[in-house]
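This report concerns only the one structure given below.
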Amino acid sequence: MSKFFGTPDGTKVGQLFIDRRELHEAFVHRPLQGGISGTKSDGADSIVVSGGYGDDQDHGDYILYTGHGGKDPKSNRQVKDQSIDAPGNAGLITSFLKALPVRVVRGKHAGSPFAPLAGYLYSGLYLVTGWQLMRGLDGFVVVLFRLERVDEQRPLEPQSSNIPDPEFATTIVSRRIRDSSLARDVKNMYDFHCQICDTQVPTFDGNAYAEGAHLRPLGRPHVGSDALDNILCLCPNHHTQFDFGGLVISDNLEAVETHRMTVISDLRFRKNHLLAIENVRYHRELWAPAKDQISEELAAS
DNA sequence: ATCCCGGTCCCC
DNA sequence: GGGGACCGGGAT
């Protein structure tokens with residue numbers, strides 16, 4: 001029945017394990033092969049991020065993690081839609097609903113600077129802060145979970161810096177991780193006004209805060225470009241909504257709220273800022289919600 | 001019992 | 001390094 005939640009006694013954040021059996025014996029991650037330890041009734045108590053799913057994104061303090069199922073073990077690609085009823089996926093949804101802490105382990109092939117060079121790294125506790133069905137890179141529906149780090153006693157240390165991924169080039173430890181000089185240019189261009197709601201977030205010194213949002217994400221596997229035609233200037237709320245697929249940009253350059261498919265506003269533009277329509281479409285395709293799937297799944301559960 | 005798997009190992 | 005065999009724990 002019940003699972004064990006939280007960090008086991010004697011285990012430290014940042015501790016390395018040789019292999020899955022060591023993780024198993026330390027009660028950090030019980031399954032020897034599965035990426036998710038979880039069931040619908042108990043929730044999920046641990047996951048392993050191993051880079052086996054192309055739709056994953058590891059940003060250190062938060063992770064977009066693909067659920068399991070639908071994969072052909074030979075080709076290692078998705079060949080079927082994933083389901084929210086698969087035990088691990090249902091477990092992560094339960095963890096989301098009950099706000100249960102999930103132990104996160106990174107494997108050596110996880111493909112981010114936060115992954116260990118060898119073995120498995122216990123990376124601390126995360127909360128599932130959202131999930132949704134999306135059309136994955138291979139064209140099938142995947143369940144995508146957003147996990148955010150809650151165990152803040154110790155900063156997350158990059159394990160390597162030689163991964164040629166512009167998204168991580170300036171990463172140290174912070175929630176704002178992509179602040180290229182071009183993103184700064186775009187923010188200056190808009191005087192830190194959000195292109196959707198025009199909000200300017202004031203800071204203590206009389207300046208303002210905004211964020212540069214990339215339409216086509218920089219990191220693998222999307223490999224978007226860090227260019228003016230790929231960046232929006234957004235307030236933190238709309239940036240978060242944008243990054244998590246809660247809004248997309250139409251070909252008419254309106255901000256559209258995806259769940260209800262309603263237009264929030266026209267995007268505001270300043271001179272010398274043109275978006276590339278292929279980047280707009282890339283973001284929209286990435287997040288085109290599989291609405292039929294969602295209603296079917298929810299009706300069945 | 002049986003099926004699934006973000007493994008692992010062995011061999012070429 | 002890549003394909004195939006074989007793995008054992010956990011859930012059903």
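Letters A, B, ... mirror the listed sequences (proteins, then strands); counts begin at 1.
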If you check every side-chain atom of A/Thr39, which of C/dT12, B/dG6, B/dT8 has the closest atom? C/dT12
Relative to [Y], does [X] satisfy both conditions: NZ or CZ under 6.0 angstrom from the six-membered ring centre, and within 45 degrees of the ring's axis?
X	Y	value
A/Arg106	A/Tyr120	no
A/Arg30	A/Phe27	yes
A/Lys80	A/Phe140	no
A/Arg146	A/Phe244	yes

Give me the distance, rounded to whole Å, that separates C/dT12 from B/dG6 when you measure between the C1' atoms they each carry. 22 Å
Give me the distance, rounded to whole Å, that separates C/dG8 from B/dC10 when you measure between the P atoms they each carry. 14 Å
Under 4.0 Å, counting only non-hydrogen atoms across every strand here, what does [X] touch: a base, just sugar-phosphate, or nothing?
X	answer
A/Gly51	base
A/Tyr65	base
A/Gly91	nothing

What integer distance in Å separates [X]:[atom1] from [N]:[atom2]?
X	N	atom1	atom2	result
A/Asp85	B/dC4	CG	P	16 Å
A/Asp19	C/dG8	CG	P	14 Å
A/Arg20	C/dC7	CZ	C1'	13 Å
A/Arg103	B/dG6	CZ	P	17 Å
A/Ile47	C/dG10	CD1	C1'	18 Å
A/Asp45	C/dG10	CG	P	11 Å
A/Arg77	B/dG6	CZ	P	17 Å
A/Ile18	B/dG7	CD1	P	15 Å

Give a yes/no on whether any side-chain N or O of [X] is located under 4.0 angstrom from OP1 or OP2 of [N].
X	N	value
A/Tyr120	B/dG6	no
A/Lys3	C/dA11	yes
A/Ser50	B/dG7	yes

Would the distance check show the side chain of A/His193 and the main-chain N or O of A/Leu234 forming a donor-acceptor pair, the cut-off being under 3.5 Å? no
Using a strict cut-off of less than 4.0 Å between a Lys/Arg side-chain nitrogen and an Asp/Glu carboxylate oxygen, indicate whether A/Asp138 and A/Arg77 qualify as a salt bridge. yes
Closer than 4.0 angstrom, basic N to acidic O: yes or no for A/Arg270 and A/Asp191? no
With no hydrogens and no angle check, do the side chains of A/Asp45 and A/Ser37 hold a donor and an acceptor under 3.5 Å apart? yes
Pairing donors with acceptors under 3.5 angstrom, does anything connect the side chains of A/His239 and A/Asp243?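 There is such a pair between these side chains.
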With pairs defined as Watson-Crick or G-U wobble and both distances under 3.5 angstrom, please note down DNA chain B as a dot-bracket string, | for pairing with another strand. |||||.||||||
Syn or anti for B/dG7, please, going by whether the chi angle lies within 90° of 0.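 B/dG7: anti glycosidic orientation.
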Do other residues, nucleotides or ligands put more than 12 heavy atoms under 6.0 Å from the CD atom of A/Glu285? no
DNA chain B-proximal residues of residues 21-38 of chain A, any heavy atom under 4.0 Å: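 Heavy-atom cutoff 4.0 Å gives A/Leu32, A/Gln33, A/Gly35.
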